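Read the structure below first, then the notes.
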Amino acid sequence: MKKIHYREWGIESLRYWGLLAVLGVFLAIGGLATLYMEHEGHWVTGMNNQIVWGVPHVFAIFLIAAASGALNIAAFGSVFGKKVYRSLGRLSGLLAMALLVGGLLVLVLDLGQPGRLIVAMTTYNIKSIFSWNIYLYVGFLAIVAIYLFTMMERKANKYYPAAGLVAFVWRLVLTTGTGSIFGFLVARQGYGAAIMAPMFIIMSFAYGMAIYLLVLLFTFKLDDRPIGDGLLMRLKNLLGIFVAAVFYFVMIYHLSNLYGTENHEYEAFILRDGGIYTTLFWVGWVFLGMVLPMGILFHPGSGRSRGAIVVASILVILGGFTAMYVIVVGGQVFPMAIFPGKVIVESGFYDGVNGQVLYYAPSLPEFLLGLGGVAVALTATFVGVRVLKFLPESLADEVVDPHHG
Amino acid sequence: MSFLTVAFAALFYAATLLLVVGLARRIRLYWKTPAPLKIPTTPAPTTTGGVVLRMFREVVFFESLFKGAKWTWLFGWVFHMALFAVLFRHLRYFQEPVWGVVVWTSPLIKYLAFAMVIGLLGLLGRRIFVDRVRYISAPSDYLMLFLLLGVGISGALTTFVAHTDVVAVKSFFRHLMTFNFETMPNLPVDPLIIVHLGLVALLMIVFPISKLLHAPGVFFSPTRNQVDNPREQRHIVEWARKLER
Amino acid sequence: MSQDIDQERRQFVSVAGLAAAATVVAPGAFLLDGSAEAGSRREPAVDKVRYGMFIDTTKCADGCTECVTACEKENGIDLLRMPEGADPEEWDRQRPRWMRTVKVKDRLTGRVSNLPMMCQHCEHPPCVDVCPTGASFRRADGIVMVDRHICIGCRYCMMACPYKARSFIHENVDQQLSIAPRGKGCVESCNFCVHRRDNGENTTACQDACSHGAIVFGDLNDSNSEVSKVLREKDNTQLRADLKLNTSVRYCGI
Amino acid sequence: MLTGALVLVLGANAAEHSNRSVVKGSKAYELDSCVEPTSVMRKLHPTFIKHQRDITVHHGIRGDKHSLSGCVDCHATKDAQGRYTPVNAPGQFCESCHEYAGVEIPCFTCHATTPTGRKGE
């Protein structure tokens with residue numbers, strides 16, 4: 001393997017600023033939507049006292065999961081000693097930080113009292129997984145920053161493997177924490193399963209990888225930098241394996257749920273009778289998000305085409321959003337079993353009369369806030385590669401030698 | 001009026017006068033100083049619009065420092081931006097009525113005091129721990145850092161640890177500004193606010209004779225404010241033109 | 001959390017002490033001191049008491065909402081107005097409810113019961129476990145409530161509560177009662193009329209309003225209290241007893 | 001031009017804040033001093049209220065002298081019709097200083113701004 005040289009993103013000014021201007025529009029609209037929601041209150045959203053977490057949380061949790069997933073590439077380079085991934089590590093770290101910041105911002109701006117963020121940082125309930133997560137997230141940013149520093153500063157290179165190990169372990173804990181937010185909700189039928197945590201880890205692998213692939217191909221294409229087929233094949237195979245693993249976990253989750261009689265109604269809702277939620281599960285998450293991209297990636301013909309890899313990555317990401325929607329919203333619209341063995345025939349507070357599911361219609365400002373978070377992540381990434389040396393000059397096969405291991 | 005109040009009133013009038021006059025004289029000097037040669041650091045813009053844009057990036061993002069020294073940039077930029085925001089928050093002591101935007105942003109900006117102090121500590125650490133920088137550091141370099149640190153820390157303490165009577169402080173300055181001494185209230189006898197205001201006055205006084213003049217100076221830097229067009233347009237300063245004739 | 005507060009209290013005492021020492025205390029400076037209302041509690045809530053409630057659903061009349069109306073009046077919920085431009089149906093899903101009536105039918109036997117639902121004041125409340133800031137807390141006397149000064153509005157407690165007892169304030173509030181502060185962006189729920197507890201009153205608004213005598217409120221730790229007696233006499237259950245939360249609200253007849 | 005900009009930024013030369021902001025018509029107006037000496041109240045009223053709020057909410061101790069509803073009770077004024085004016089209305093006790101100092105009052109997004117006739121807090 002030759003020595004890898006890194007260089008700032010060299011695309012011409014006009015293109016770069018044009019790109020930022022487009023993202024800036026999303027940022028501005030997202031900001032306005034947030035101001036509107038915070039000024040008026042959450043009544044302008046589709047969220048209510050039954051569906052308390054909506055589209056902003058779908059975006060936030062997706063971005064946070066993808067953030068830890070995006071760090072995997074770097075981890076393969078340092079923790080597992082795969083040299084070929086070392087050259088990809090810097091972008092991996094940057095993307096991880098950017099996605100996390102984007103996701104957290106959405107989460108924070110959806111709070112009823114975003115101005116009290118300082119309270120969340122200073123008063124701490126040790127029993128709450130949520131407050132653990134606050135520290136996990138902040139720690140993640142700090143650790144990845146140090147990790148990047150050990151990659152990019154020659155004097156700090158010797159700490160690179162140690163930093164890599166810490167970052168990798170931290171990311172696993174972080175995603176476990178994110179998954180546990182749902183795992184700890186014993187009261188709700190759709191959550192409260194221990195499998196949520198490992199399932200979130202494997203989902204984060206897939207979504208982080210898909211985003212990484214898209215950003216890598218986009219930045220290299222615009223700057224006319226070469227990526228070798230050999231390397232790309234390895235990456236897309238990894239993506240395929242991750243998606244397959246998600247598929248496996250989703251299967252196990254639902255099959256194990258079906259084993260217990262208490263979960264039958266919830267499973268029937270998600271898998272068969274849930275209307276839009278069933279459609280989203282089968283068509284969005286399972287078919288478009290997993291089966292189709294696996295087919296594209298592992299097909300001997302299409303798997304070699306860059307266009308097909310791009311399409312598959314986009315599908316995995318869209319499938320990921322659908323997955324989060326089914327988990328977050330689907331888990332809430334299904335009425336809680338407050339009175340097991342009984343049917344609620346009348347209620348003064350939408351308790352799922354006669355087993356009817358609850359109502360949630362996402363509103364535009366929620367989507368705009370979420371898209372704003374995505375725009376933050378992308379802006380941070382593009383500015384990052386522009387001003388610092390994150391991108392290798394070349395990832396041609398003769399430079400990185402993907403077959404060397 | 002207490003002695004303290006009278007003393008500080010006099011101090012602030014003097015400091016303001018020294019600051020304004022001193023700064024004006026300096027700027028006049030910069031203005032008059034000829035730049036006999038075209039020396040923009042290349043690559044440089046070839047149009048005036050480009051120069052304005054470059055100057056903007058220089059002043060807002062500290063572009064050339066970023067390219068040169070990343071750590072210095074990080075601490076320096078954080079300090080300057082935080083200082084700017086904190087100064088903006090201080091408008092509330094001088095305005096009547098206070099702008100809405102000053103009020104709304106105030107709860108967020110107050111935490112930037114920490115960023116400001118951290119930035120300054122970083123810059124101080126650079127002078128102490130980086131051999132090359134320590135070697136070239138003069139006492140005045142330290143003085144400026146300590147002055148600013150003193151201002152930042154004493155100010156943060158009044159916000160986060162021991163409050164002071166801000167209404168009296170504001171009223172004091174409003175009376176100073178309007179030269180209205182009849183109803184002027186006494187400054188609160190709080191060590192923190194006295195230290196804070198004293199250091200600020202000191203900073204205002206030394207400003208026109210210190211390295212802090214880089215603030216107006218950056219706009220007069222020929223390596224930054226010149227258009228890179230020596231071939232298209234001959235560069236000739238006034239006194240040289242006279243010699244030519 | 002309580003440790004934090006004690007610490008803060010000590011700090012505060014020292015600050016106040018300094019301030020007092022630095023100032024000449026004017027005579028008559030403490031004019032309002034100690035003129036508190038009769039019955040006002042000057043001692044902290046203690047764990048010798050555990051407040052609880054017994055609800056006899058066999059007495060609960062079909063279609064009756066006396067308790068709910070009284071609750072909303074007592075706690076200023078009736079002062080809320082629908083924001084201009086809101087969809088009434090959507091607003092109904094978004095407005096807070098501390099108390100609601102529910103009618104349930106057994107799937108097998110068809111037996112129908114009417115009952116009021118509110119915060120069950122668990123001994124091990126999931127909302128308290130999940131709250132990131134400790135805003136959701138259980139007072140020494142067993143009342144589960146929200147410290148809205150440190151609630152950040154994340155709604156995790158609402159996700160965790162098995163009884164859907166909590167409401168989020170979705171809109172700006174311009175009218176409140178002094179005893180029931182309320183504002184946009186925080187979560188709240190039934191607090192057993194905590195202001196009445198602190199003022200030494202013995203009842204809750206819902207109990208007072210119930211003309212059928214279906215609600216009995218009192219101290220579960222006092223074996224002579226009315227609620228303890230009735231709980232000993234009558235068969236009663238907890239909602240979602242399988243979660244082992246040991247609720248302070250017990251129902252009979254479901 | 002510079003002077004013009006300064007005037008724009010710093011505002012017109014309005015009447016300056018008076019030293020006594022206690023509004024005529026409130027109970028407080030008749031009293032010599034607040035629950036602590038005025039100079040202490042000016043600096044520490046947020047600390048007092050915050051401390052009181054914590055022991056009230058967490059320990060149920062009410063009716064102490066540092067309670068917010070005590071502030072409201074004592075400082076609210078009545079208009080000609082006998083209705084209370086909110087303490088955070090322009091020119092009223094809380095608002096006049098906070099407006100002058102450019103500080104928001106977070107209390108009244110949740111707390112009642114007039115005495116509501118129910119004892120307790």
Side-chain angles (χ1 to χ4, degrees), chain B residues 1-2 5 16 20 23-24 27 86-110 157-193, chain D residues 1-23 28 33-34 36-52 66 71 75 87-110:
Chain B
M1 266 189 283
S2 66
T5 310
T16 311
V20 172
L23 213 52
I27 290 173
V86 168
L87 281 177
F88 180 74
R89 184 170 183 258
H90 276 73
L91 274 180
R92 70 200 182 107
Y93 290 106
F94 306 101
Q95 285 184 319
E96 186 57 35
V98 183
W99 282 348
V101 59
V102 176
V103 181
W104 305 323
T105 52
S106 182
L108 290 176
I109 289 178
K110 78 176 184 189
L157 286 175
T158 58
T159 301
F160 295 105
V161 179
H163 296 296
T164 192
D165 183 354
V166 289
V167 170
V169 174
K170 173 167 184 173
S171 190
F172 171 76
F173 278 103
R174 287 291 299 176
H175 280 85
L176 277 190
M177 285 163 59
T178 52
F179 302 99
N180 171 2
F181 305 109
E182 274 170 35
T183 54
M184 186 138 103
N186 278 326
L187 266 180
V189 192
D190 271 328
L192 274 178
I193 195 74
Chain D
M1 194 190 78
L2 201 65
T3 326
L6 266 180
V7 168
L8 194 71
V9 171
L10 301 174
N13 181 10
E16 273 319 310
H17 196 72
S18 88
N19 260 342
R20 187 170 162 88
S21 330
V22 177
V23 184
S33 163
C34 195
E36 307 287 352
T38 308
S39 60
V40 176
M41 285 312 284
R42 281 191 177 161
K43 278 198 265 188
L44 292 179
H45 67 277
T47 319
F48 290 145
I49 296 172
K50 198 174 168 214
H51 173 71
Q52 172 76 44
H66 292 146
C71 308
H75 283 285
V87 285
N88 62 344
Q92 293 299 306
F93 177 71
C94 296
E95 182 65 11
S96 63
C97 279
H98 276 258
E99 208 273 311
Y100 183 68
V103 183
E104 284 180 328
I105 317 173
C107 308
F108 299 117
T109 50
C110 294

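To find a chain, count down the sequence lines: A is the first, B the second, and so on, and within it residues start at 1. These numbers come from a predicted model, not from an experiment.
P97(B) approaches E99(D) most closely through the heavy-atom pair CB-OE2, 4.3 Å. The two atoms that bring K170(B) and Y100(D) nearest to each other are NZ-O, 2.6 Å, heavy atoms only. Summarising the geometry of W104(B) relative to E104(D), their closest heavy-atom pair is CD1-OE2, 3.4 Å, with the distance given to 0.1 Å.
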Counting only pairs under 3.5 Å, give me each side-chain donor-acceptor contact of residues 162-169 of chain B, with atom names and distances, residues two or more places apart or in other chains.
unit_1	atom_1	unit_2	atom_2	d
T164(B)	OG1	D190(B)	OD2	2.6
D165(B)	OD1	V167(B)	N	3.3
D165(B)	OD1	A168(B)	N	3.3

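Listed by chain and number, the residues in a ring pair (Phe, Tyr, Trp, His ring centres under 6.0 Å) with F88(B) amount to none (sequence neighbours excluded).
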